[in-house]
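Scroll down for the structure; my scribbles are underneath it.
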Amino acid sequence: MDGSVWLGPNAVLAFKREGYQLYDLNVRDLTDALSFRGLQKLVMKNITYGLGEMFRGVFIGAQVKILQKFIPELSLSDVVRGPSGVRAQALDKDGNLVDDFVFDGGTGEIGSRVLHVRNAPSPAATSSLAIAEMVADEAEKRFTL
């Protein structure tokens with residue numbers, strides 16, 4: 001809109017659940033994430049790529065060097081660090097990223113009458129009629145409607 005070009009995003013582990021700055025850290029959040037077996041498996045499968053992403057996230061010059069393969073005239077002086085964001089990503093216990101919705105329910109008298117839709121993408125996607133149909137179909141199946 002203003003003529004700027006954004007490079008990214010890169011996908012790196014946030015060291016805080018709501019850490020919007022480069023060096024935000026919450027030891028409890030980080031320990032919780034690192035203790036999850038699914039994350040450990042994901043890291044082991046992608047250690048080289050993940051470390052590279054983290055390195056390029058901290059050192060902009062390294063990111064520019066990669067980008068120069070596509071835009072040779074790009075220089076470090078052309079790039080400023082943009083805002084950070086946090087995006088939750090569902091991960092299963094085997095270290096696989098969950099791309100689609102996860103339907104889940106509770107237990108007990110009330111919980112068994114609840115349908116949770118986890119890993120729902122952006123508000124625009126959650127308002128689509130196709131997704132509404134998927135949720136309605138799941139509700140029909142679970143609650144024998």
Would you name the heavy atoms of [X] and [Y] that are closest together and state the gap between them?
X    : Y    : value
L34  : Q40  : O-NE2, 2.9 Å
A33  : L39  : O-CD2, 3.1 Å
S112 : F143 : O-CE2, 3.4 Å

When rounded to the nearest 0.5 angstrom, what distance separates [atom1] in [X] from [atom2] in [Y]?
X    : Y    : atom1 : atom2 : answer
F59  : M54  : CZ    : CE    : 11.5 Å
E133 : E138 : CD    : CD    : 13.0 Å
L76  : Q68  : CG    : CD    : 9.0 Å
L42  : Q89  : CG    : CD    : 9.0 Å
D24  : K16  : CG    : NZ    : 5.0 Å
L67  : D78  : CG    : CG    : 11.0 Å

Neighbour count >12 (heavy atoms, 6.0 Å) for atom CG, L145: yes
Greater than 12 external heavy atoms within 6.0 Å of K65's NZ: no
Salt bridge D32-R17, side-chain N to carboxylate O under 4.0 Å: yes
Same cluster or not: are [X] and [Y] linked, directly or through other Ile, Leu, Val, Met, Phe, Trp or Tyr residues, by side-chain heavy atoms under 4.5 angstrom apart?
X    : Y    : value
I71  : V79  : yes
Y49  : V43  : no
F55  : V58  : yes
V135 : V114 : no
F15  : Y23  : no

Does some side-chain heavy atom of [Y] sit less than 4.5 Å from a side-chain heavy atom of [X]?
X    : Y    : result
F36  : L91  : yes
L13  : L30  : yes
R56  : E53  : yes
F103 : V117 : yes

Side chain D94, main chain N96, donor-acceptor under 3.5 Å: no
